[in-house]
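Some notes on the structure that comes next.
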Protein chains: 4
Amino acid sequence: MYTRALKDKRSETMNRIIEAATAVFADVGYSGARVDEIAKKAGVNKATIYYHIGDKEALYAQVLHDVTGDAADRIEENVEGAKGPAEKLKRYFEAIVETVDEHPSLAPLMMREVASGGQNVPVVIAQDLMRIYAMLLQILEAGAREGVFIPANTLVAHLMFLGPLIFYKNVEATWKNNQTFADLFARLDEEIYQGMGAEIAASGSEEILRLTLRALLKG
Amino acid sequence: MYTRALKDKRSETMNRIIEAATAVFADVGYSGARVDEIAKKAGVNKATIYYHIGDKEALYAQVLHDVTGDAADRIEENVEGAKGPAEKLKRYFEAIVETVDEHPSLAPLMMREVASGGQNVPVVIAQDLMRIYAMLLQILEAGAREGVFIPANTLVAHLMFLGPLIFYKNVEATWKNNQTFADLFARLDEEIYQGMGAEIAASGSEEILRLTLRALLKG
Amino acid sequence: MYTRALKDKRSETMNRIIEAATAVFADVGYSGARVDEIAKKAGVNKATIYYHIGDKEALYAQVLHDVTGDAADRIEENVEGAKGPAEKLKRYFEAIVETVDEHPSLAPLMMREVASGGQNVPVVIAQDLMRIYAMLLQILEAGAREGVFIPANTLVAHLMFLGPLIFYKNVEATWKNNQTFADLFARLDEEIYQGMGAEIAASGSEEILRLTLRALLKG
Amino acid sequence: MYTRALKDKRSETMNRIIEAATAVFADVGYSGARVDEIAKKAGVNKATIYYHIGDKEALYAQVLHDVTGDAADRIEENVEGAKGPAEKLKRYFEAIVETVDEHPSLAPLMMREVASGGQNVPVVIAQDLMRIYAMLLQILEAGAREGVFIPANTLVAHLMFLGPLIFYKNVEATWKNNQTFADLFARLDEEIYQGMGAEIAASGSEEILRLTLRALLKG
DNA sequence: GATGAATGAGGGTTCATTCAT
DNA sequence: TATGAATGAACCCTCATTCAT
């Protein structure tokens, strides 16, 4: 497994730094992140970060790659064993869910990255993303050829799943961690607030998977 | 129309400031934005911003409200005239598409806001969001009662449409404006790059609408 | 009377500005004062101050002169009627007490001015101060000649009275207006706090006058 | 000795910063002081001040405490060895003179602090001041019990000495350092100017001590 | 490998002052 | 006479980065 292998290869200090950086970047974004805070959270001196990894940008790239690289690996492994485009598609989505569940920081990181138009995405990350996208392309093409999928724009198909999932994960995390925001809603309309809470509690990932397949599969 | 009325009521200077701020916040996020740059882009002295609006946070709130308030207004107007839940749902989604098309900054702004967990969302914005969400709630409930929609988690239903749309709009903008990023893809795999370009060119919004309705409507 | 005559000669607006400025300068000093706050307190637009009086420095000079000019006038009037150096000295001190009582801002203004070494004292103020000092000089010289005073350094004699008085007035005002500070003392030592409060309540001015005369008069 | 021990314990940089800050605050007061100037005077980068001490307010507190803490220590040491209230009182005053002489900035700092009503006095300073005041209280009470002092308001007694001394020190410093002000007087009245200069040159502290004791001691 | 100290380059905000009306 | 709007010049503070140890 990508993640674990990586962690074993790296020094304790490195791991602590990356972990802390991941959390902070996910929480407040690249420009919002303070190297000071990352160092403090990692329990190391600020200069140590520079010694081991380099400047803020390099640190950010490292964080992103840790997550996107793992995602690509997982999807690859998952899809490989499946038979037929429909099954492959399902496995593809499930691998993404798995990754997102294991890396709670992936959702916010990706949202911000998309929002900023990948202005600073390093090549490594672009490669990871392309690996992921190429796999979907193959699956959808095979499915169209075999007539199990409705004809659809590949990019849109991808986003039909990724979009709701990432949004949902963020909303879920916000609802759980950020009491301020939930309280705001509670104060505005208690009933809607209750209903929203209930819906967030129900596993959204599966629902999204169900609806997406319903949209894309024939019949 | 909300937007136009607002613009007429406000002074030239105010409008220029808000407009510039919207662009900058959308581009680089709250922490990435520099008041200096906003002022320069608006063609006013930095102090003028503080004179008219207040600090950076107030400016950001103003920018967000301008967009979310307009969205809520549009949806309301659009949905009002429609008959039956299915038609209302379609109009609801169309109003969102309309808003997103008219405010290119909405997509990145919303993504970042969702990513940051609405940590600093002022009450005004929360109210706007709730208005929007409450309308969908009513539509879906009516639809479920009348048996035209499949049973579905409301929040997920909302995100099924909003997620892909916002992602798509961001990707589209990135592809068009950020040559660096597109070039990166071109260099990695020319074929995929070409295909992606073609798919982005095709109107994604309609495709998303079609697929979302396919997922949610019965039959 | 200096003060009243001046007020009658000046426009309502001017009086309101000077009054507000006096309070603010006394409260927070020259550099601590904000023209904005003075304008707000005076109930006029900031630009009005510039129109009527001029820049911050001119405003400050005006404020100082209003108070020192009045002090000089009062002392002159008071001392004139008295017979003999001892009586004159008493009247001199009493006039100062009177002025300080009527202008609560005099004490802090003077302290700050002394602390800053009169770095920005305009000529008008210097003239006022000199008038006051020259009167004391004459009285003390006459008293020394007639043998009713002990030989003493004139400046020191002046400060023997002025110093305690100004300090006392400031301490008194602080005790009465600044609950925070008094509370601090109360928390540190309740007994000392009580005693201090009682002593401040007793009229300090008379006590100072008594002790000063005891120090300066023969016998 | 407090001051020296402190200086040894602190880093060179810290000492240079505090020293520079003391001078600047004394010269132009808290609001008049510019952190930039303090940094320049200390020969360090502005950020170094924030690194070592904190914000402007913390710096000010440090400066005040350095001086008031030393004063309290000196008085304590001085008074301890003395016998009888009269001797103790003399020693008490002498210790103050000593402190004031060693810290030329004490006089202006204290004047401004008194003028501003201790609005921002931190607890440490309040403790220092209380220590000083409590000692005088004990001495005066003992003296009153033993019949060597005339009955007097303690606070006033304190101010009878402190007031003239602090005023005198400020006037003296102004006269020596601020040629502008002296020149102003010289131009207004050459004779008074000469006399004043002569009186300032004579040691005022001793004169003040003599007169104060004359005022407070019986007989 | 790790860190405390130091800093240059801004970043947000304030403020005295001006000016068109 | 009076003012709302606008601004240049600071001012306090922060932050990514470096360096001697």
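Computed from a predicted model, the values in this text were never measured in an experiment. Note: hydrogens, waters and symmetry copies are ignored here, and every other heavy atom, side chains too, is used. Naming: A, B, ... by sequence-line order, numbering from 1 per chain.
One finds a side-chain N or O of T13(D) lying less than 4.0 angstrom from the OP1 or OP2 phosphate oxygen of dA6(E). In terms of phosphate contacts, H52(C) brings a side-chain nitrogen or oxygen within less than 4.0 Å of OP1 or OP2 of dA2(F).
One interatomic measurement links the two molecules: CD1 of I17(C) to P of dT1(F), which rounds to 11 Å at whole-angstrom precision. In this structure, R10(D) places its CZ atom 15 Å from P of dA5(E), rounding to the nearest Å. To the nearest angstrom, P of dA2(F) lies 12 Å from CD1 of I53(C). The NZ-P distance, from K40(B) to dG8(F), rounds to 14 Å in whole Å. As rounded to whole Å, 16 Å separates atom P of dG4(F) from atom CE of M14(B). Computed from coordinates, the I49(B) CD1 to dA5(F) P distance equals 16 Å when rounded to whole Å.
Checked against side chain to side chain donor-acceptor pair (under 3.5 Å), Y30(C) has no partners two or more places apart in sequence or in another chain. Partners of T68(A) under the side chain to side chain donor-acceptor pair (under 3.5 Å) rule, at least two apart in sequence or in another chain, are D128(A).
A salt bridge (charged side-chain N to carboxylate O under 4.0 Å, His left out) check over residues 40-60 of chain B, counting only residues at least two apart or in different chains, returns the pairs D36(B)-K46(B).
Rounding to the nearest 0.5 Å places CZ of R16(A) at 14.0 Å from CD1 of I38(A). Note that OG1 of T22(C) and CD1 of I17(C) are 11.5 Å apart. Values are rounded to the nearest 0.5 Å. Separating the CE atom in M14(B) from the OG1 atom in T48(B) is a distance of 12.0 Å, to the nearest 0.5 Å. In this structure, NE2 on H52(C) lies 5.0 Å from OG1 on T13(C), to the nearest 0.5 angstrom.
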Please set out all donor-acceptor pairs under 3.5 angstrom arising from side-chain atoms of residues 106-116 of chain A, sequence neighbours excluded.
| from | atom 1 | to | atom 2 | distance (Å) |
| --- | --- | --- | --- | --- |
| R112(A) | NH2 | A26(A) | O | 3.2 |
| R112(A) | NH2 | D27(A) | O | 2.8 |
| E113(A) | OE1 | Y60(A) | OH | 2.4 |
| S116(A) | OG | R112(A) | O | 3.3 |
| S116(A) | OG | E113(A) | O | 3.1 |

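When distances are taken from the side chain of Y51(B) to each of dT3(E), dA2(F), dT7(F), the shortest belongs to dT7(F).
Looking only at side-chain heavy atoms (C-beta outward), Y51(C) and N45(C) stay at 4.5 Å or farther from each other.
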**Prompt:** What dot-bracket string describes DNA chain E from 5' to 3', counting Watson-Crick and G-U wobble pairs whose defining distances are under 3.5 Å, with [ ] for crossing pairs and | for pairs to another strand?
**Reply:** .||||||||||||||||||||

N/O to N/O distances under 3.5 Å, protein versus nucleotides 14-18 of chain E:
| from | atom 1 | to | atom 2 | distance (Å) |
| --- | --- | --- | --- | --- |
| dC15(E) | OP1 | R34(C) | NE | 2.7 |
| dA16(E) | OP1 | A33(C) | O | 3.1 |
| dA16(E) | OP1 | K56(C) | NZ | 3.4 |
| dA16(E) | OP2 | V35(C) | N | 3.0 |
| dT17(E) | OP2 | Y50(C) | OH | 2.9 |
| dT17(E) | OP2 | K56(C) | N | 2.9 |
| dT17(E) | O4 | K46(C) | NZ | 2.7 |

